[in-house]
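The block underneath contains the structure these notes are about, expressed in structure tokens.
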Amino acid sequence: MRKKLGILLSALLLMMMAVACSTTEKATGETNAQKITIEHKLGKTDVPLNPKKVVVLDFGTLDSLDKLGVEVVGVPQNSLPSYLSKYKDSKYTNVGTLKELDFEKINELEPDVILISGRQEEAYAELSKIAPTVFTGVDTAKYMDSFKANARTLGKIFGKEAAVEAELTKIDQTIQTTKEKAAASQKNGLVVLANEGKVSAYGPNSRFGIIHDVFGVTPVDPNIQVSTHGQNVSNEYILEKNPDYLFVVDRGAVVGGTSSAKAAIENEIVKKTKAYTNQNIVYLDPNYWYLSGGGLISVSEMVKQIEAAIK
């Protein structure tokens, strides 16, 4: 009898301890939550696995999280790419603009992680005081390497490794097809940004250099100065280089809402080029090429646009 009573008392004690532990876990929240150390351009950051409150300050990263089905709590709602317009909804907190952040609102959200890119690099130290902050911007000199590394980082943080690899495989397949078409065409190309009547050119290793470096389009001018804002060029320069393809990014269409690219590009001088004569002036979607880029959706669409353009 005493033996049975002892067993019952032991069982009761274990149950009480389990309840106490459960209560403690609920009270302390994520004190014992698993974390992962992420190494990125700006340092090493310990991030909780599967963070619930995510603030995203880069549209390419937001694009990837959207593709992966990861919910966020705060985004810069100004100048959102049209394909990410759902994030204008009031359920998401507007945390300022890409360059002018609302630190107070970010702090009020009590985020588990903040994801940034080059436009917020200078704010890294201040953001890190609010929450673990990870740099997920693309290095244009090593576009695909950094893009894939960023995507895999997101996969690790949010437990989406398999989904990330599936998307990267599809993108690689389309890139291979594009490279083969570009090689077979034996044609060259020039990438320009049109902005308020001005035109700047981009070559290999630049912001839009992926067209040459990854997709395989031969640059008509391999010596274009690498710069965030491109190398200012004239209509005469475009005619002198006379590219087979002229790829145009229209900044005005997504910043300020006024498209001016066609008027700036299709003038009497540029109309003398092979690109115009053969109807190979290609207007790239600035939502992917200018506003975001480096995302699982945007990179997929970027390569599809080039693949479709090459004849």
Using distance alone, with no hydrogens and no angle criterion, decide if [X] and [Y] have a side-chain donor and acceptor under 3.5 Å apart.
X      : Y      : answer
Asp139 : Ser146 : no
Lys142 : Asn205 : no
Asp46  : Thr37  : yes

| Taking only residues at least two apart or on different chains, which pairs with a member in residues 180-190 satisfy side chain to side chain donor-acceptor pair (under 3.5 Å)? |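 Those involving residues 180-190 are Gln176-Glu180.
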| Contact list for residues 69-82, test salt bridge (charged side-chain N to carboxylate O under 4.0 Å, His left out), sequence neighbours left out |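 Applying salt bridge (charged side-chain N to carboxylate O under 4.0 Å, His left out) to every pair that reaches into residues 69-82, excluding sequence neighbours, yields Glu71-Lys91.
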| message | With salt bridge (charged side-chain N to carboxylate O under 4.0 Å, His left out) as the rule and sequence neighbours excluded, what pairs involving residues 274-288 come up? | response |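 Matches after skipping sequence neighbours: Asp244-Lys274.
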Rounded to the nearest 0.5 Å, how far does [atom2] of [Y] lie from [atom1] of [X]?
X      : Y      : atom1 : atom2 : answer
Asn232 : Ser200 : CG    : OG    : 6.0 Å
Glu122 : Leu127 : CD    : CG    : 12.0 Å
Lys304 : Ile175 : NZ    : CD1   : 12.0 Å
Asn280 : Tyr245 : CG    : OH    : 4.5 Å

Donor-acceptor pair, distance only, cut-off 3.5 Å: does the side chain of [X] make one with the backbone of [Y]?
X      : Y      : value
Asn287 : Ser292 : no
Thr61  : Leu57  : no
Ser85  : Pro81  : no
Glu301 : Ser298 : no

| field | Ring centroid separation Tyr202 to His212 under 6.0 Å | value |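 When the ring centroids of Tyr202 and His212 are compared, they turn out to be at least 6.0 Å apart.
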| Can we call the ring centroids of Tyr290 and Phe208 under 6.0 Å apart? |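 Tyr290 vs Phe208: aromatic centres not under 6.0 Å.
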| query | Who are the side-chain hydrogen bond (donor to acceptor under 3.5 Å, both in side chains) partners of Thr133, not counting sequence neighbours? | reply |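 Counting only residues at least two positions away or on another chain, Thr133 forms no side-chain hydrogen bond (donor to acceptor under 3.5 Å, both in side chains).
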| request: Tell me, yes or no, whether the heavy-atom count around Lys198 atom NZ, taken from other residues, nucleotides or ligands under 6.0 Å, exceeds 12. | output: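 Counting neighbours around NZ of Lys198, 12 or fewer heavy atoms of other residues, nucleotides or ligands fall under 6.0 Å, so no.
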| Salt bridge check: are Asp172 and Lys148 linked by an N-O gap of less than 4.0 Å? |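 Salt bridge flag = yes for Lys148 with Asp172.
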| N-O pairing of Glu126 and Lys129 below 4.0 Å |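 Between Lys129 and Glu126 there is no salt bridge, as every charged N stays at least 4.0 Å from the carboxylate O atoms.
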| Can you check side chain to side chain contact (heavy atoms under 4.5 Å, CB included) on Ile281 and Ile265, steps first, answer last? | CA-CA 9 Å; Ile281 295 182; Ile265 295 296; 4.2 Å; yes
| request: May I ask you to decide if the ring planes of Phe147 and Tyr143 are parallel, tilted or perpendicular, using 30° and 60° as cut-offs? | output: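 Ring orientation of Phe147 relative to Tyr143: tilted.
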| request: Determine the interplanar angle of the Tyr92 and Tyr87 rings, folded into 0 to 90°, and report it as parallel if under 30°, tilted if 30 to 60°, perpendicular if over 60°. | output: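 Geometry flag for Tyr87 against Tyr92: tilted rings.
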Side-chain donor-acceptor distances from residues 100-109 under 3.5 Å, at least two apart:
from   : atom 1 : to     : atom 2 : distance (Å)
Asp102 : OD1    : Glu104 : N      : 3.3
Asp102 : OD1    : Lys105 : N      : 3.1

| query | Checking side chain to side chain contact (heavy atoms under 4.5 Å, CB included) for the pair Val113/Val55: CA distance, chi angles, key distance, verdict? | reply | CA-CA 6 Å; Val113 66; Val55 169; over 6 Å; no
| task | Among Glu165, Glu167, Glu161, find the residue that satisfies the salt bridge (charged side-chain N to carboxylate O under 4.0 Å, His left out) test when tested with Arg152. | result |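 Of the listed residues Glu165, Glu167, Glu161, the salt bridge (charged side-chain N to carboxylate O under 4.0 Å, His left out) partner of Arg152 is Glu165.
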| query | Quick one: does Lys160's side chain get under 4.5 Å of Val70's, heavy atoms only? | reply |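 Answer yes - side chains close enough.
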| field | Set of residues satisfying side chain to side chain contact (heavy atoms under 4.5 Å, CB included) with respect to Asn267, sequence neighbours excluded | value |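 If we apply the side chain to side chain contact (heavy atoms under 4.5 Å, CB included) test to Asn267, skipping adjacent residues, the hits are Asn235, Ile269, Val270.
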| field | Worked verdict on Leu84 versus Asp66 for side chain to side chain contact (heavy atoms under 4.5 Å, CB included) | value | CA-CA 8 Å; Leu84 297 174; Asp66 187 63; 4.1 Å; yes
| message | Determine whether Tyr288 and Ser300 satisfy the following criterion, side chain to side chain donor-acceptor pair (under 3.5 Å), listing intermediate values before the conclusion. | response | CA-CA 9 Å; Tyr288 302 119; Ser300 176; over 6 Å; no
